[in-house]
Protein chains: 2
Amino acid sequence: MEEIDRAIVAALTGDGRLSYTDLAEKVGLSVSAVHQRVRRLEQRGVIKGYSARVSFEALELPLTAFVAIRPFDPSQPDDAPERLAHLPEIDSCYSVAGEDFYLLLVRVAGPADLERVLQEIRTAANVTTRTTVVLSTPYEHRPPKISAEPAVRGRSRPAAESAGSTAG
Amino acid sequence: MEEIDRAIVAALTGDGRLSYTDLAEKVGLSVSAVHQRVRRLEQRGVIKGYSARVSFEALELPLTAFVAIRPFDPSQPDDAPERLAHLPEIDSCYSVAGEDFYLLLVRVAGPADLERVLQEIRTAANVTTRTTVVLSTPYEHRPPKISAEPAVRGRSRPAAESAGSTAG
DNA sequence: CCTGAAAGTATGACTGG
DNA sequence: CCAGTCATACTTTCAGG
């Protein structure tokens with residue numbers, strides 16, 4: 001990916017509702033060109049979609065917790081993510097290396113809700129849980145570093161490109 | 001918050017670029033009314049902003065890890081979040097209950113990058129780290145459950161519903 | 001791959017139930 | 001608090017360098 005595409009992605013991660021007009025000004029292209037690039041980025045899957053950022057406190061889900069799970073019986077087929085997908089309190093599910101099998105991020109209304117969700121997790125996926133309550137969130141979902149200077153790290157790339165220089 | 005506002009928030013978490021026209025159709029109000037409600041939701045901080053969802057693989061950040069940290073010297077002032085904020089590889093920082101002080105979510109290009117970031121975390125915040133590598137992400141950042149559970153029992157005027165299968 | 005322009009559509013403010 | 005209208009701005013497509 002090249003410099004202008006990175007600038008577009010960076011701008012849209014900061015404000016997903018930026019108009020093509022503003023975007024064109026930011027990156028120094030015409031509106032049509034920017035529009036074309038955004039469509040290509042969406043089509044290639046670089047931009048997967050757009051979301052509103054909501055306040056979980058305002059949605060009455062002020063309690064966040066990480067729930068590490070591991071199966072009671074490791075010989076059983078491991079389909080925990082599917083068996084837990086129906087629980088709307090689970091924000092994210094990560095398959096992890098280490099002692100645990102999965103790490104879940106859950107958001108609930110309070111301790112009583114957390115207790116209920118933990119029970120549902122245990123019964124639905126036949127797992128044990130180890131829960132870490134989040135006390136506060138200094139920052140979350142920060143835009144990734146998308147610099148204009150792509151650092152090539154140890155992967156083979158087309159021979160025509162050379163590290164650190166702009167390619168045509 | 002009431003039912004229609006919840007429906008609006010749910011729709012916008014699923015697609016942050018929905019037009020007010022589409023939104024009005026979904027919730028069964030006029031464009032003007034929906035527009036007014038969205039502005040109030042933004043103003044009240046329920047909707048904090050809009051973002052593009054990007055593919056971290058496409059951004060050449062395919063390696064995700066959780067880094068639990070705790071200070072070398074617990075008597076020192078605990079300002080780890082500020083001292084780590086400058087590291088762009090840190091996606092999120094959670095203050096947690098339990099053995100560790102903070103849980104960081106980091107995204108990097110590969111193992112070599114992870115090693116470098118861990119060193120930077122340790123020196124910048126004077127902490128020890130315990131890292132859990134993410135192998136895969138079955139799902140992430142799912143829209144929270146918003147509707148169907150009003151806080152106060154009571155029914156306002158029924159809104160005409162049409163075409164309801166969005167944002168589970 | 002870019003620019004520029006034209007048609008269709010959404011937005012934002014305002015009037016009025 | 002909701003609906004309708006209108007001027008302005010944006011989006012989207014098409015022709016062309």
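Just so it is clear: chains get the letters A, B, ... in the order the sequence lines come, proteins before strands, and each one is counted from 1. Heavy-atom basis, side chains included; hydrogens, waters and symmetry copies ignored.
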- Task: Could you pull out all residues at least two apart from B:Asp73 that satisfy salt bridge (charged side-chain N to carboxylate O under 4.0 Å, His left out)?
- Result: none
- Selection: residues 41-52 of chain B, any non-hydrogen atom under 4.0 Å of DNA chain C: none
- Query: In B/S/- notation, 5' to 3', how is nucleotides 10-17 of chain D contacted by protein heavy atoms closer than 4.0 Å?
  - Reply: SSBB----
Give every residue pair that meets the salt bridge (charged side-chain N to carboxylate O under 4.0 Å, His left out) criterion with at least one member in [range], sequence neighbours excluded.
range	value
residues 18-30 of chain A	none
residues 92-104 of chain B	B:Arg70-B:Glu99, B:Arg70-B:Asp100, B:Asp100-B:Arg130
residues 42-53 of chain B	none

- Message: Categorize B:Ala33 for me: base, sugar-phosphate, or nothing, with a 4.0 angstrom heavy-atom threshold over every strand shown.
- Response: sugar-phosphate
- In chain order, what residues pass the ring-ring contact (aromatic ring centres under 6.0 Å, His included) check against B:Phe66, with sequence neighbours excluded? A:Phe66, A:Tyr94
- Taking all non-hydrogen atoms of both residues, which atom of A:Ala109 and which atom of A:Leu61 are closest, and how far apart? N-CD2, 4.0 Å
- Euclidean distance, atom CD of residue B:Gln36 to atom P of D:dA3 [Å, nearest integer]: 10 Å
- Query: Mind checking what makes side chain to side chain contact (heavy atoms under 4.5 Å, CB included) contact with B:Ser136, not counting sequence neighbours?
  - Reply: A:Ser95, B:Pro138
- Got a sec, which residues hit side chain to side chain contact (heavy atoms under 4.5 Å, CB included) with A:Arg142, two or more places apart in sequence or on another chain? A:Tyr139, B:Ala85, B:Ile90
- Which ring pair (Phe, Tyr, Trp, His ring centres under 6.0 Å) pairs, counting each pair once, include a residue from residues 104-126 of chain A, with sequence neighbours left out? none
- Item | Sequence neighbours excluded - ring pair (Phe, Tyr, Trp, His ring centres under 6.0 Å) pairs with any residue from residues 12-52 of chain B | B:Tyr20-B:His35
- Which is the 5'-most and which the 3'-most nucleotide of DNA chain C that has an atom under 4.0 Å from a heavy atom of chain A? C:dC1 to C:dA5
